[in-house]
Novice: 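Sharing a structure with you now.
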Number of protein chains: 2
Amino acid sequence: MSTEVSSGLQALEGDVFDTNCPSRGVLEHVTSRWGVLVLAALGERELRFGELHRRIGGVSQKMLAQTLRALAADGFVDRTVIPAAPPQVSYRLTATGEQVAVHVVGLVGWIEQNLPAILAARDVEPATR
Amino acid sequence: MSTEVSSGLQALEGDVFDTNCPSRGVLEHVTSRWGVLVLAALGERELRFGELHRRIGGVSQKMLAQTLRALAADGFVDRTVIPAAPPQVSYRLTATGEQVAVHVVGLVGWIEQNLPAILAARDVEPATR
DNA sequence: TCCGATGGTTACCTCAAGGTACGTACTTTC
DNA sequence: GAAAGTACGTACCTTGAGGTAACCATCGGA
């Protein structure tokens, strides 16, 4: 479809198995401890800082701000400041962000749904050891 | 199909947004630095320890073994020892593991394909700041 | 006979992830 | 006028993730 080869010498795909490939960095932002949860939360709807903080259990303000900055730098999250009395800041996924979020939400959803089975399997199979 | 409700009082879904939910642990195993790559690698085919080590750039033996142990404990990876001269150990995804791997591979694949766009966006938008 | 490969384990050490606490600037509320 | 909420930034400190190196057991090959 959109695969214009144009005149590009570059625009090659990434390879996460290569230590030096920049995709490693992106992958680590997305799959970081709080990155996954931020993407999953924003996948539901746009949220303000405080709402995100309350929604994601256990995250500190510092780490939330830091994670949001990293995701914004990669172009996954859009930050909007509403200049009000106490300045309100809203976060939403960009078009690109929504695409990653689809995968992240899929993964998270699968884990949530299959959690009972996973936990059950943990106890049973000492035989394999 | 297989959705027997049985007599279960439990078997509830997980909630990753809850700090104390065990799904958090599973999620962190799966999305850990090396966990993602191991699942992605084994998503392609069964691999031996050394093959995995060579395939995943930058991983140490220690972390690879540790990651494999965690994924095996969660029932995502199956470990098979072939008692040969230098004992060979093979790793493959379980049925459950293949299901998570689908999501992980999807995510990783998306990042690899969209890497050029992501990197390009990084440089351009200093306006948003 | 010594080397190297296989698939680890263990001890040791380092650095960065991440938590706590406090500062900020402004406003509403009691 | 003091406290509380909003959205952070920063300094400080702890913990654990993760790297390095050495060791082990066995076998085939040079």
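Naming: A, B, ... by sequence-line order, numbering from 1 per chain.
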Novice: Output the residues of residues 36-69 of chain A in contact with DNA chain D, where contact means a heavy atom of the residue under 4.0 Å from an atom of the strand; sort by number or write none.
Specialist: A:R48, A:F49, A:G50, A:R54, A:Q61, A:K62, A:A65, A:R69
Novice: How close do A:I56 and B:R24 get, heavy atom to heavy atom, and via which atoms?
Specialist: CG2-NH2, 4.1 Å
Novice: Considering only heavy atoms, which members of residues 23-30 of chain B lie under 4.0 Å from some atom of DNA chain C?
Specialist: none
Novice: Applying salt bridge (charged side-chain N to carboxylate O under 4.0 Å, His left out), can you list everything that pairs with B:R33, at least two apart in sequence or on another chain?
Specialist: A:E28
Novice: From CD of A:Q88 over to C1' of C:dA25, roughly how many Å is that when rounded to an integer?
Specialist: 15 Å
Novice: Please report the distance, rounded to the nearest Å, between CZ in A:R33 and P in D:dA17.
Specialist: 9 Å
Novice: Hey, are the side chains of A:D78 and A:L93 touching, using non-hydrogen atoms and a 4.5 Å cut-off?
Specialist: no
Novice: Does any N or O in the side chain of A:E112 come within less than 3.5 Å of the main-chain N or O of B:V16, such that one atom is a donor and the other an acceptor?
Specialist: yes
Novice: Between A:H29 and A:D74, is there a donor-acceptor pair closer than 3.5 Å when you use the side chain of the first and the backbone of the second?
Specialist: no
Novice: Under the rule for salt bridge (charged side-chain N to carboxylate O under 4.0 Å, His left out), what residues qualify as partners of A:R69, not counting sequence neighbours?
Specialist: none
Novice: Starting at CD1 of B:I82 and ending at C1' of C:dG7, how long is that distance when rounded to a whole Å?
Specialist: 12 Å
Novice: Just to verify, what does B:E98 make a salt bridge (charged side-chain N to carboxylate O under 4.0 Å, His left out) with, not counting sequence neighbours?
Specialist: none
Novice: Using the salt bridge (charged side-chain N to carboxylate O under 4.0 Å, His left out) criterion, which residues pair with A:R55? Sequence neighbours excluded.
Specialist: A:E44
